[in-house]
Amino acid sequence: MQFEPIDQFAQRRKNLQAIQALGYAAYPHKFDATSSIPQVIGKFQGRDAAELEAQPVSLRVAGRIVALRPHGKAAFLHLAGEGGRLQVYVKLDVVGTSAYEMFRLLDLGDFIGVEGSLFRTKTGELTIRAEKLAFLSKALLPLPEKWHGLADVEIRYRQRYLDLIANEKARDNFRKRALLIAELRRFFDGRRYIEVETPMMHSIAGGATARPFITHHNTYDVPLFLRVAPELFLKRLIVGGMDRVYEINRNFRNEGVGAKYNPEFTMLEFYQAYSDYRDLMDLTDELLASVALLLCGNTTVPFGEHMLDFGRIERLTMHEAIVRHWPPGPAPALTVDALQIAGAPLDIAKEFNDWAVVNGQPRIEVGPQSPDGEIIGQLFEAVAEPNLIQPTTIVDFPRELSPLSKCRADNPALAERFEIFAGGFEIANGYSELNDPEEQERRFQEQVAAGGDEAPKSVDEDYIRALAHGMPPTAGEGIGVDRLTMLLTDSRSIREVILFPLLRPLGSREEAGGPF
RNA sequence: GGGCCGCUAGCUCAAUGGUAGAGCAGUUGACUCUUAAUCAACGGGUUCCAGGUUCGAGUCCUGGGCGGCUCACCA
C-alpha cells in the first residue's frame with residue numbers, strides 16, 4: 001500500500017511506528033467519551049471563565065485533529081467531530097513526559113481522545129485542558145489544504161469523505177437532506193399513510209417513459225429492468241385496499257447526466273384513494289411550506305440570486321404560463337384564447353421558431369402531424385419552464401402528454417394533472433389516476449406499438465388485471481427528493497445533494513468501444 | 001455528441017517566447033495562552049501526453065487525454 005504524497009505517507013507511517021514503540025496500540029478498539037463535541041459546546045458555551053473555575057467540568061471527548069499549533073512544551077489543537085470543533089490545550093507538565101512524547105508524533109488528521117476539564121483561554125475560547133491523551137487512529141494521508149479548503153469539484157465528488165471533512169456546506173447539505181426525508185415521513189405518517197417498499201427490479205419497465213438499465217437474474221434466467229418508477233406497483237396496493245401509501249426510494253433511468261440529472265435519483269411517490277389532483281395540490285402546498293420552514297427557518301428560502309417563496313405557490317394553467325412568458329419578439333401578442341383554437345398551436349410554434357432563429361434560441365421540433373397538445377407542451381418547455389423561478393403549480397396538461405391520467409370531465413383535451421416548478425425546473429408531478437382498465441390497456445398498447453427505447457416492450461397485463469379488480473378514484477404524485485433538496489440547500493447541482501453521484505469511472509474511456 | 005473554458009510542486013495559484021516561483025502542507029531546529037500561531041533553515045517539478053515552429057516553448061501551432069460549464073434526450 002502506498003499513496004501520494006509518498007514522502008508524507010512514509011513520514012506518517014514512521015510516526016505511527018514510533019507511537020507503537022512507546023507502548024500505544026496502533027489501532028485501539030474504543031474510547032468512552034462522556035459527550036460529543038457539539039454536546040460540549042451546546043452545554044457549556046454559556047459558562048464564563050470564573051464559572052468554569054468555580055465549578056470544574058471534567059469530561060472525555062474524541063475527534064479528529066484538524067488544526068495543530070505547537071509551542072514547544074505546550075500546544076493548541078482543534079478536534080472535529082459530529083460537525084463541531086473544540087479547542088484542546090496540551091501542556092507538558094499537565095499530561096506528563098510520556099504522553100507528551102506521543103503527542104509530538106501526532107499529525108493533522110489523526111484521531112485522539114482527551115480527558116480533562118474545561119476553561120477559557122485569554123481570548124475567551126472554550127477549551128479543554130488535556131490531563132490524559134489517548135491515541136485512537138492514524139491518518140496516513142494529509143488533510144486537504146487548510147486555507148482554500150477542498151475546491152476541486154471532481155475530488156469533492158469522487159472522494160466525498162474529504163469534502164465532508166473540509167467543507168461545512170457539504171456536511172450541512174446532507175444533514176438537511178436527512179432532515180427533509182425524516183420530515184416527509186413524519187408528514188405522511190401523520191396523515192394515515194403507510195410507507196411501503198416495492199420492487200426495484202421489474203420484468204417490465206413501466207410507470208414512466210424512460211430508458212431502463214437492464215440486468216439479468218441467473219436462477220430464473222430472465223432479463224430484469226431496474227425500475228424507472230414505482231407507480232404501477234403502488235397503484236396495485238391501492239387496489240389491495242391500502243388506501244394511502246407512500247414510498248421514498250431510488251429510480252434508475254439510463255439517460256443523461258447533468259446539473260439536474262443523476263441516473264439514480266430518489267423519488268417520493270404517494271397515492272391517496274378517494275381523492276383527485278386538486279386535493280394533492282393543496283396537500284403539496286402544505287408539505288412544501290412545512291419542509292421549507294423546518295430546513296430554512298422560513299417559508300422563503302434563498303436560491304442563487306432569488307428568494308423562493310414556498311408559502312405562496314401560484315397556480316397557472318399551462319396556457320397562462322406560455323402567455324405570461326411569451327417573448328416580446330414574435331408578434332402579435334399571444335392570448336390564452338388564441339392558444340386554444342384547434343390547429344392554432346402549429347402556427348404559433350412557427351412564429352416562435354422564427355423568433356428563436358433570430359435570437360439564437362433553440363427551436364421547437366414540430367411537424368404538421370404533431371397534435372396540438374404536444375406542441376403546447378413543447379411551447380411550455382421552451383417559453384415558460386426556465387422562467388418558473390418562484391414555486392408555481394402548472395395545471396391543465398394536454399392529455400397527449402399524460403398517458404396515466406384521467407381527463408377532465410368538462411374538457412377531454414386536458415388531463416387532470418399538475419406539475420410544480422421552482423428554480424426553473426420540475427420538482428413534482430401529480431394527477432388523478434386513470435382507473436378504467438379498458439382505457440388503460442388501450443393506452444399501453446399505443447405506447448408499445450409506438451416503440452422506441454423509452455417505451456415499455458410489452459403491456460403490463462397484471463396491472464390491467466389489477467385495475468379490472470377495481471381501483472377507487474385515486475390521486476397520485478411524485479416529488480423529486482434530490483431536486484427539492486437542491487432548492488432547500490441553495491445548490492446549483494444535483495451532485496451537491498447526492499453523496500456519491502455517478503461519475504465516469506477513471507480510465508473508462510480507454511476500454512470504450514470494445515465489443516460494439 | 002456540439003460549443004466554451006481549464007490542466008504548472010501534495011494543495012491553492014504566479015511566471016512578455018529567454019535560469020520554473022510564492023503561500024500552505026512536509027522535514028529539521030527554537031518557542032508553556034495559540035487560533036491562517038510565529039521565527040530560522042531545508043527538501044520537493046516528465047509545466048497532462050505526443051508531435052511541430054523556433055537559437056530557445058510552461059507560453060505559439062496541430063493532434064490526443066482528462067475535467068468543468070453549457071446545449072440537445074431525460075425528472
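Throughout, a chain's letter reflects where its sequence line sits, starting with A, and its residues are numbered from 1.
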Quiz item: Base, sugar-phosphate alone, or nothing: which one does Gln11(A) contact when heavy atoms must sit under 4.0 Å apart?
Solution: sugar-phosphate

Quiz item: If you take all heavy atoms of Arg417(A) and Leu401(A), which pair is closest and at what distance?
Solution: NH1-O, 2.8 Å

Quiz item: Taking atom P of U34(B) as reference, at what distance in whole Å does atom NZ of Lys73(A) sit?
Solution: 17 Å

Quiz item: Has the side chain of Asp93(A) got a donor or acceptor atom sitting under 3.5 Å from an opposite partner on the base of U32(B)?
Solution: yes

Self-check item: Nucleotide opposite G67(B) in a Watson-Crick or G-U pair, distances under 3.5 Å
Solution: C5(B)

Quiz item: Taking the same atom, P, in G67(B) and in G58(B), what whole-Å distance lies between them?
Solution: 26 Å

Practice problem: Write down the distance between NE2 (His78(A)) and C1' (A37(B)), rounded to a whole number of angstrom. | Solution: 12 Å

Quiz item: So, Arg177(A) and Thr266(A): side-chain donor and acceptor under 3.5 Å apart, yes or no?
Solution: yes

Exercise. Report which part of the nucleic acid Phe119(A) touches: base, sugar-phosphate, or nothing (heavy-atom distance under 4.0 Å, all strands).
Key: base

Quiz prompt | Nucleotide forming a Watson-Crick or wobble pair with U53(B), both distances under 3.5 Å | solution = none

Practice problem: Quick one: label Glu419(A) by what it contacts on the DNA or RNA (base, sugar-phosphate, nothing), any heavy atom closer than 4.0 Å. | Solution: nothing

Quiz item: A22(B) and G63(B): how far apart are their P atoms, nearest whole angstrom?
Solution: 36 Å

Exercise. Run the numbers on Gln87(A) and Thr121(A) for side chain to side chain donor-acceptor pair (under 3.5 Å), then give the verdict.
Key: CA-CA 10 Å; Gln87(A) 183 165 261; Thr121(A) 62; 4.5 Å; no

Quiz prompt | Interatomic spacing from CD in Gln20(A) to CG in Leu105(A) - rounded to 0.5 Å | solution = 11.5 Å

Practice problem: Just name whichever nucleotide pairs with G43(B), Watson-Crick or G-U, keeping both distances under 3.5 Å, else none. | Solution: none

Practice problem: Decide yes or no, distance alone: a donor-acceptor N/O pair under 3.5 angstrom between the base of U34(B) and the side-chain of Glu125(A). | Solution: no

Practice problem: Could you check how far CD1 of Ile6(A) sits from C1' of G45(B), rounded to whole Å? | Solution: 14 Å

Exercise. Check Asp490(A) against Lys169(A) and note the closest heavy-atom contact, atom names and distance.
Key: O-NZ, 4.1 Å

Quiz item: Which heavy-atom pair separates Gly476(A) from Tyr271(A) by the least distance, and what is that distance?
Solution: CA-CD2, 3.5 Å

Practice problem: Could you work out the separation of A25(B) and C11(B) based on their P atoms and round it to a whole Å? | Solution: 15 Å

Exercise. Check the pair Glu496(A), Arg156(A) against salt bridge (charged side-chain N to carboxylate O under 4.0 Å, His left out), reporting the backbone distance first and the verdict last.
Key: CA-CA 9 Å; Glu496(A) 299 294 340; Arg156(A) 288 189 45 233; 2.6 Å; yes

Quiz item: Between Asp107(A) (CG) and A25(B) (P), how many Å, whole number?
Solution: 13 Å

Self-check item: Spacing of the P atoms in G21(B) and G43(B) (rounded, Å)
Solution: 12 Å

Self-check item: Glu381(A) CD to A72(B) P, straight-line distance once rounded to whole Å
Solution: 10 Å

Quiz item: OP1 or OP2 of U34(B) less than 4.0 angstrom from a side-chain nitrogen or oxygen of Lys122(A), does that happen here?
Solution: yes

Quiz item: Closest to the Arg158(A) side chain: C74(B), G67(B), U34(B)?
Solution: G67(B)

Quiz prompt | Separation of the P atoms in U46(B) and A20(B), to the nearest angstrom | solution = 14 Å

Quiz item: C74(B), U32(B), C33(B): which one has an atom nearest the side-chain heavy atoms of Arg129(A)?
Solution: C33(B)

Quiz item: Does U16(B) have a Watson-Crick or wobble mate here (both distances under 3.5 Å), and if so which one?
Solution: none

Self-check item: For C24(B), the Watson-Crick or wobble partner whose two distances fall under 3.5 Å
Solution: G10(B)

Exercise. Write down the distance between CD (Glu385(A)) and P (A72(B)), rounded to a whole number of angstrom.
Key: 10 Å

Quiz item: Taking the C1' atom of each, how far is C60(B) from C24(B), in whole Å?
Solution: 33 Å

Quiz item: Within the pair Arg495(A) and G68(B), is there a side-chain N or O less than 4.0 Å away from OP1 or OP2?
Solution: yes

Quiz item: Over how many whole Å does the gap from Lys14(A) atom NZ to U28(B) atom C1' extend?
Solution: 11 Å

Quiz item: What integer number of Å spans the C1' atoms of C5(B) and A9(B)?
Solution: 24 Å

Quiz item: So, Phe76(A) and C33(B): ring centres less than 5.5 Å apart, planes less than 30° off, yes or no?
Solution: no

Quiz item: What is the distance, rounded to the nearest whole Å, between atom CG of Leu68(A) and atom C1' of C31(B)?
Solution: 14 Å

Exercise. Please figure out whether Thr209(A) or Pro5(A) has its closest RNA chain B nucleotide nearer the 5' end.
Key: Pro5(A)

Quiz prompt | Residue mapping more 5' on RNA chain B - nearest nucleotide basis, Leu150(A) or Asn15(A) | solution = Leu150(A)

Quiz prompt | Proximity of Phe380(A) and Phe421(A) rings by center, below 6.0 Å | solution = yes

Quiz item: According to the Watson-Crick and G-U wobble definitions, with both distances under 3.5 Å, which nucleotide is paired to U34(B)?
Solution: none

Practice problem: Rounded to whole angstrom, note down the C1' distance from G51(B) over to A57(B). | Solution: 13 Å

Quiz item: Nearest of U32(B), G67(B), C33(B) to any side-chain atom of Glu154(A)?
Solution: G67(B)

Exercise. Considering just the side-chain nitrogens and oxygens of Arg69(A), establish if one lies under 4.0 Å of OP1 or OP2 belonging to U34(B).
Key: no

Exercise. Answer with yes or no whether Tyr89(A) presents, from its side chain, a donor or acceptor under 3.5 Å of a partner atom in the base of C33(B).
Key: no

